[in-house]
Every structure is written in C-alpha cells, then in structure tokens.
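Every number for a ligand or one of its atoms is a count from 1 in the order of the listing. The model shown is predicted, which means the values in this text are computed figures rather than measured ones. All residue numbers in this chain count up from 1 along the given sequence.
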Amino acid sequence: MERELFIDSAERHILHTYNRNHIVLDRGEGVYLYDTDDCKYLDFAAGIAVQALGYGNKEYNDALKHQVDKLLHTSNLYYNFPIIQAARKLCAASEMDRVFFTNSGAEAIEGALKTAKKYAYEKDGCTDHEIIAMEHSFHGRTLGALSVTGNAHYREPFEPLPGIVKFAEFNNLDSVKALVNGKTCAIIMETVQGEGGIYPAEKGFLAGVKKICEENDILLILDEIQCGMGRTGNMFAWQSYGIMPDIMTCAKALGCGVPVGAFAMTQKVADHSLKPGDHGTTYGGNPFVGAAVSKVFDIFEEKNLVEHVKEISAYLEEKLDELVEEYPFVTARRGMGLMQGLELTIPVGDVSASALEHGLIIITAGSNVLRFVPPLVIEKEHVDEMVEKLKKAFYDCK
Ligand SMILES: *Cc1c(COP(=O)(O)O)cnc(C)c1O
C-alpha cells in the first residue's frame, strides 16, 4: 500500500520527535480530512486548535492565492500593506496597542519574555529579574519558552534554561503571592491551560494576579496561543474575565494554517521596552501571512464566528456532560467554549487511537484528558457525529 511506503520514507528521514498516528493526511474539506487511502475523518483537533475555519474556505484560499501571485516576502526593512491591515485588525480585536508578528507560538512567547525583561531593565538597569510561571503550563519548545513551561519532563534534559523562573500552582493565589518579590518582572500564564489538561483560570485567581501585578508594576503576560481567536466564545479568553493583560501572545488560529504568531502589548509597555535593534525576525509579518491574518479577521466578522462558538459550544457541553453521566470512566468535563476536556480513568491514548479507526480525529491533553478543539465552524450535526464515533471508541477501550 502507498501509505506504508510514505510512512517508511518518513521514518527514514524525518527526525523521530513524534510518535505519529499511522495515516497520511492528504486533503481537507469543511470539517473533514481525507487520507491517502481516501478514508474520511471528522476533525475535532483542527491541527491542534489551528484550523478555526476548517478546510477549503474559498474566501480565505483566494486571498492567499492572490497574495502568492502578488508578493510573498520583503523583510521588515520596508512596510507592506497586508501586515499593516493585519496589525490594525489584531489590535482592534485584542484591545492591545502594539503588535509584533512572529512565525510561531514559541517565538511569540520569546518576544513577550524579552519585552518584560526590557521593561524591568529600563526601570532599574539590573538584569537579575525573575519571572513567575505556572505548573502544568505549556508555552512552547524553544529554550526561552521552555524556561516558563511547567513540565519537568519537557525541561529537564535542556537545563539550565535561561532566566530566573519560579513556578506557582495554577489557580492558587497564595502560591503566587509567596513567590513575588522586588525582582519579579512578569507573571505568565495561559488564560485556559491547554496541553496541561484544559484548566480555565478561575476568575478570583486571575483577578488576584492582576491586582498583584498592578500594585507592584509587574507585567501580566497572558498566553492566548491556544485559547485565543474566538475559541472560548470571546475573541480572546481574557475578555470573558474582564481582566486585561499587559502583554498577550497569540498564534495557532491567528493564521488558520499559515505559520504566524504575535505578541501584543499596551502602549505603556511598548513605550518602555523594545526599541529599534532590540528584536527582529526575517520572515515575521511578511505580506503572505499578513494577507492570511487580515482575511481571518474579516471572515470571523462576516460569519459572526464568536457568536457561533457561544451557541454551538453550549450544545457540545451538553453532549459531553451526558457522556460524564453515562460512562463511569468519564469522570469530569472542563473547559470554555470550543476548548473542552473530558477526564477519563481509562487510557486516553487508546481512546484517541480507536477513535481514529472509527473516523474521528481527537487528541489528548495532560495524562488523562481527551481534548476537544474542533474547527470553530462545526455545527450540531458534527457534534452528534463525534459523539457517535467516540462512543464506538469507548466501547473498544472499556
Ligand atoms: C501551542 C502552544 C504554544 C507554542 O506554539 P508553537 O507554535 O507550537 O511554538 C505556546 N503556548 C500555548 C498555550 C500553546 O498551546
């Protein structure tokens, strides 16, 4: 079979850093993916919360094709119009004042950390500032992003990691307070923890952290790379808490498939942090990704996608709650909007593998959580189809 040949070739040449599922994905249509054997899969992973618009959105594809023919890349030594539009739309949607475009989420985190360090350095000229991050967090795989990622397994082989980083317990305000001192320059967290197991920040916790930050001129960095871009039923998850960060990171669904991230900040932070020469990127914010990001914001508005997420996620929550009722090994549901997790007492990896055989793509989070991050354009019928397929997987695995 062709598939086996493809996979053999992959395993000979591609560095083995992922244990991949044994399918070769070939094309997408709506909320479905097809592999090279023409098997059809309902996609409840969206390329890890990237493909908010699903696959084959004509307006988006046409915008990209148009930009390919016009201009792909110019460097940041000149202005380009698509990224100017993208920046304006991202600032409007995020209530931030200044944005820097990157090529990935991890790079957005790097930029956010550099901004916070520079802000503190401008104040006192010292370089020994500390950052508080959260246990079970995930911020990416580069050395800087790893330094604030609260997962010992990911970090250990690569230590020492840069900077002085202390880890507090997520949703435990006292554990944060215990770490704050005169050297603390930033507190970084995901508004809704993704990889760690789909844990939304509690309102009191986020409000408490914000208060600590305001009182001590510490910068609050909210990582919205997974939970942002409409996924939780607001454009950015922090908007549902009414608590604004000083710096925000974004990536994943920002480009809906084109590799692009961003870190954005308030004017006050911009005025006292990165200056010409302090940060840069060759590709970041080129006309191609600019066209993608700009069109993504247009489509979000035209389709009123954030409202759609509110409606459809209520239905998804209802259906997932029914699974908690029905199956003794499904012990809890957590999440916001179309970022949901089911906690299982049976191995989640087995369920995910079995679901694939029944034509459902679904991923895991943490050690025991099934993660639901579908395209934002799903409809009720897709939720029903997902539940039907998931039940078959449960039947195989119980
Ligand atoms: C995926 C993710 C990242 C890293 O993004 P990459 O594009 O993989 O570098 C950082 N933070 C969160 C919350 C993520 O989900």
Can you tell if the side chain of Tyr121 reaches within under 4.5 Å of the side chain of Cys185, non-hydrogen atoms only? no
Check whether NZ of the Lys or CZ of the Arg Arg334 lies under 6.0 Å from the centre of the six-membered ring of Tyr199 and within 45 degrees of that ring's axis. yes
Please check atom 8 (O) of ligand 1 for a protein heavy-atom neighbour under 4.0 Å. no
Ligand 1 atoms in contact with Gln226 (distance to a heavy atom under 4.0 Å): 15 (O)
Consider every N or O of Glu195 and every N or O of ligand 1, then say whether any pair is closer than 3.5 Å. no
Give the numbers and elements of all ligand 1 atoms closer than 4.0 Å to a heavy atom of Glu190. 13 (C)
Validation row: Lys123, His272 side chains within 4.5 angstrom (heavy atoms): no
Would Phe170 and His136 satisfy ring pair (Phe, Tyr, Trp, His ring centres under 6.0 Å), going step by step from the backbone distance to the final call? CA-CA 8 Å; Phe170 192 56; His136 306 295; 9.4 Å; no
Among all protein heavy atoms, pick the one closest to atom 5 (O) of ligand 1 and tell me residue, atom and distance. Gly105 CA, 3.3 Å
Inspect the contact between Lys268 and Asp217 and indicate whether a charged nitrogen and a carboxylate oxygen are less than 4.0 angstrom apart. yes
Write out the residue and atom name of the closest protein heavy atom to atom 11 (N) of ligand 1, then the distance separating them to 0.1 Å. Asp223 OD2, 2.7 Å
For ligand 1 and Phe138, I'd like to know whether there is a polar contact (N/O to N/O, distance under 3.5 Å). yes
Would you mind finding which of Glu224, Arg141, His139, Glu107 brings a heavy atom closest to atom 10 (C) of ligand 1? His139
In the protein, what heavy atom is nearest to atom 15 (O) of ligand 1, and what distance, to one decimal place, separates them? Lys252 NZ, 2.6 Å
Could you tell me whether the side chains of Asp223 and Thr249 share a donor-acceptor contact shorter than 3.5 Å? yes
Within a distance under 4.0 Å of any heavy atom of Ala106, pick out the atoms of ligand 1 and give their elements. 4 (C), 5 (O), 6 (P), 9 (O)
Report, as yes or no, whether the 6.0 Å neighbourhood of atom CD on Glu156 holds more than 12 heavy atoms from other residues, nucleotides or ligands. no
